[in-house]
S.K.: 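Please find one structure pasted underneath; my questions will follow.
In what follows, chains are A, B, ... by sequence order, proteins preceding strands, each numbered from 1.
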Number of protein chains: 2
Amino acid sequence: MTTASTPTWPGSFGAEPRRKRRALSRELIVETALKIVDTEGLDALNMRRVAQELGTGAASLYAHVANKDELLALLLDRVYGDLDHPAPDAERWREQAKDFLRQQRDNLVSHGDLARAAMIQNIPTSPGALDAAETMLALLRAGGLPEQVCAYAVDVISLYVVATALEESSRQGPGGVPDEGQVEAYIGGVRSFFASLPPERYPMIVAMAGALTRNVGDERFEFGLDLLFDGLTAQAGRTFD
Amino acid sequence: MTTASTPTWPGSFGAEPRRKRRALSRELIVETALKIVDTEGLDALNMRRVAQELGTGAASLYAHVANKDELLALLLDRVYGDLDHPAPDAERWREQAKDFLRQQRDNLVSHGDLARAAMIQNIPTSPGALDAAETMLALLRAGGLPEQVCAYAVDVISLYVVATALEESSRQGPGGVPDEGQVEAYIGGVRSFFASLPPERYPMIVAMAGALTRNVGDERFEFGLDLLFDGLTAQAGRTFD
DNA sequence: TAGTTGACACGAACGGCGTTCGCTAGTAGA
DNA sequence: TCTACTAGCGAACGCCGTTCGTGTCAACTA
């Protein structure tokens, strides 16, 4: 049985004049993928979608990128490459470090929910992520902290940055602009959910519904930074083994 | 065109005596899914696999579970339901809190890389997760910390627990038993990678390769706990607005 | 006991995904 | 101008989550 198909003609009728061969490249693919993540979110990113944006088929991408995981890694590296690295100054290493972390967070948040990809990636091995780790280590060491404290701390701290970036981006929709009212509506929904819980089982959550969903600018993020760096001073004299 | 198919007989030849109708239920599905995650990891969990384990088809599951996301949420709730909740004691709230967090971490790690599902789930709304949050809030309040400090801190802290559980589970393979040598091989691989980096670009990382990959028992996790709780005491007097 | 009915179970299929295979066509060198 | 090579690409494979329409069992009614 031959199925009837829409008639086609191998030649060209002038419409769609067989796209001139594009100079496909890693950079172009990464840039295109990043644009999709920025505007439509990480879930909208797939190989076909990237290829379509470039006017080609998904298969063509595999000549430049091993697989989707590698593409995600390249995306993250591209974003981590956008950082300004401070030269450690022992006098103000703490503010330098905090600024550097704020920068990382802003960078991530400005690219939709790309932070989700960073969260899965357990250990940073890309040049950009390694650069960031190197700078953080240098800053902590400039603060005179013991080697092992720095080693452990750099993990905890970057974890915090990525996780809060993820939380922030999930507050905002997948789309581009944050949309103030939309964020407020989301927060408000969570607040009224907490407030509506049975008070006999969740007395604390109900009573603290307001405090739990408070979202004034970057106060929440800054609190975590203070917490971590205050804890760090307390650990300054710690020795291991 | 009729395609030739392998001959079948609608009746039974005695083999495969048409499985007795199973009493499918939410609990049974969740339990089965959990077993799969435990033994084969989160990636191996899919609706067909669960159904197969229950001797049925994937479609049957959807009568009891809305979709895969709900199944994951139920899985997490099931795991968070296994916690022992301490009654807050103002004299030793700190150790109580730390013990409670250690318990959460052990619980997560004992179920493969289920923590990855917890990481994606941004805000806890399931009974089990809410119970855990309630207990943590009660413990922090028992410590006399300001309301807003507790509210922010409970977020940061549970984030830390889930994230380190994820890190730990990714060290161990997807399989059940941790396998000591396997973990050591993984860590060793990361260490030699760090050590092999160009020292002129990554002087800190190369010099600290040992410290960065040190993995002595739960020392790493405990360090983070100390860091957070020390920071918390430093924030004890903080006011907002 | 025989008939009816409604809830549960399920095979098959749909659309979308990452990835691969093998043909095609454009380009650079002889 | 011819040839060899390489990048590009359509089509297909296998897997996924999910849905649809049908089948089937068990309890209730008469």
Side-chain angles (χ1 to χ4, degrees), chain A residues 2-3 5-12 16-30 32-33 36-37 40-75 116-117 120-121 174, chain B residues 2-3 5-12 16-30 32-33 36-37 40-75 116-117 120-121 174:
Chain A
T2 59
T3 60
S5 59
T6 55
T8 57
W9 181 251
S12 165
E16 297 271 342
R18 190 145 197 78
R19 174 179 289 278
K20 196 75 185 158
R21 179 176 289 227
R22 296 283 296 262
L24 229 42
S25 74
R26 251 170 122 92
E27 289 74 29
L28 189 55
I29 290 171
V30 169
T32 306
I36 293 173
V37 173
E40 304 173 47
L42 197 62
D43 284 333
L45 181 71
N46 62 61
M47 303 305 271
R48 281 176 233 268
R49 184 76 185 72
V50 174
Q52 173 193 321
E53 204 75 14
L54 289 166
T56 179
S60 305
L61 305 180
Y62 286 84
H64 301 92
V65 163
N67 50 37
K68 193 185 177 181
D69 279 349
E70 184 178 296
L71 177 57
L72 284 176
L74 290 171
L75 237 48
R116 226 173 57 209
I120 303 303
Q121 186 124 342
Chain B
T2 59
T3 59
S5 59
T6 55
T8 56
W9 182 250
S12 167
E16 296 274 338
R18 187 148 198 77
R19 174 181 290 277
K20 197 77 183 153
R21 180 176 286 227
R22 296 284 296 264
L24 228 43
S25 73
R26 252 170 121 91
E27 289 72 31
L28 188 54
I29 291 172
V30 169
T32 307
I36 294 173
V37 173
E40 304 173 47
L42 197 61
D43 284 333
L45 181 71
N46 62 62
M47 303 305 272
R48 281 175 232 268
R49 185 76 184 72
V50 175
Q52 173 193 320
E53 204 76 13
L54 290 166
T56 180
S60 306
L61 307 179
Y62 286 85
H64 305 272
V65 164
N67 50 39
K68 193 184 178 184
D69 280 349
E70 185 178 296
L71 178 56
L72 286 176
L74 290 171
L75 237 49
R116 225 174 56 206
I120 303 302
Q121 187 125 340

S.K.: Flag the pair A:Leu61 / A:Leu71 as yes when at least one side-chain heavy-atom distance between them is below 4.5 Å, and no otherwise.
M.R.: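 Of all side-chain heavy-atom pairs linking A:Leu71 with A:Leu61, none is under 4.5 Å.
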S.K.: May I ask you to list the residues of residues 61-68 of chain A, by number, that have any heavy atom positioned under 4.0 Å from an atom of DNA chain D?
M.R.: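 Correct list: A:His64.
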S.K.: For the pair made of CG in B:Asn46 and P in D:dG14, what is the distance, rounded to whole Å?
M.R.: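 Computing the B:Asn46:CG to D:dG14:P distance gives 17 Å.
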S.K.: If you define the side chain from C-beta out and look only at heavy atoms, does anything of A:Asn46 sit under 4.5 Å from A:Ile36?
M.R.: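 No. Closest side-chain heavy atoms not under 4.5 Å.
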S.K.: For a 4.5 angstrom cut-off between non-hydrogen side-chain atoms, does B:Glu70 reach B:Asn67?
M.R.: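 Result yes, sub-4.5 Å side-chain heavy-atom pair found.
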S.K.: Measure from CG on B:Leu54 to P on C:dG11 and round the result to the nearest Å.
M.R.: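 Whole-Å distance recorded here is 13 Å.
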S.K.: Give a yes or no on whether a donor-acceptor pair under 3.5 Å exists between the nucleobase atoms of C:dG18, that is its base, and the side chain of A:Arg48.
M.R.: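 Yes.
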S.K.: Return yes if some donor-acceptor pair links the side-chain N/O of B:Arg26 with the main-chain N/O of B:His64 below 3.5 Å, else return no.
M.R.: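 Yes: the side chain of B:Arg26 pairs with the backbone of B:His64.
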S.K.: Between B:Leu24 (CG) and D:dT24 (P), how many Å, whole number?
M.R.: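 It is 18 Å, rounded to the nearest whole Å.
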S.K.: Base, sugar-phosphate alone, or nothing: which one does B:Ala58 contact when heavy atoms must sit under 4.0 Å apart?
M.R.: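 B:Ala58: base contact, heavy atoms under 4.0 Å.
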S.K.: With heavy-atom distances below 4.5 Å as the criterion, would you say the side chains of A:Val65 and A:Val30 are in contact?
M.R.: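 No, side chains not in contact.
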S.K.: To the nearest angstrom, how far is A:Glu70 atom CD from C:dG18 atom C1'?
M.R.: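 My rounded result for the distance is 14 Å.
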S.K.: Contact between B:Arg48 and B:Gln52 at the side-chain level, heavy atoms closer than 4.5 Å - yes or no?
M.R.: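 No; the side chains remain at least 4.5 Å from each other.
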S.K.: Can you measure A:Asp43 atom CG to C:dG16 atom C1' for me and round it to whole angstrom units?
M.R.: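 Nearest whole value for this atom pair: 13 Å.
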S.K.: I need the CD-C1' distance between A:Gln52 and C:dC17, as an integer number of Å.
M.R.: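 For the pair A:Gln52 CD and C:dC17 C1', the rounded distance is 15 Å.
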S.K.: Please tell me if the side chains of A:Arg116 and A:Asp43 come closer than 4.5 Å, counting only heavy atoms from C-beta onward.
M.R.: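 The answer is yes, as the side chains (C-beta and beyond) meet within the 4.5 Å cut-off.
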S.K.: Please tell me if A:Ser60 has a side-chain N or O lying less than 4.0 Å from either OP1 or OP2 of D:dC9.
M.R.: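 Checking A:Ser60 against D:dC9: at least one side-chain N or O falls below 4.0 Å of OP1 or OP2.
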S.K.: Specify the separation, in whole Å, of atom CE of B:Met47 and atom P of C:dA12.
M.R.: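 So the CE-P distance, B:Met47 to C:dA12, works out to 19 Å.
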S.K.: Does C:dA9 have its OP1 or OP2 closer than 4.0 Å to a side-chain nitrogen or oxygen of B:Thr56?
M.R.: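 No, outside the criterion.
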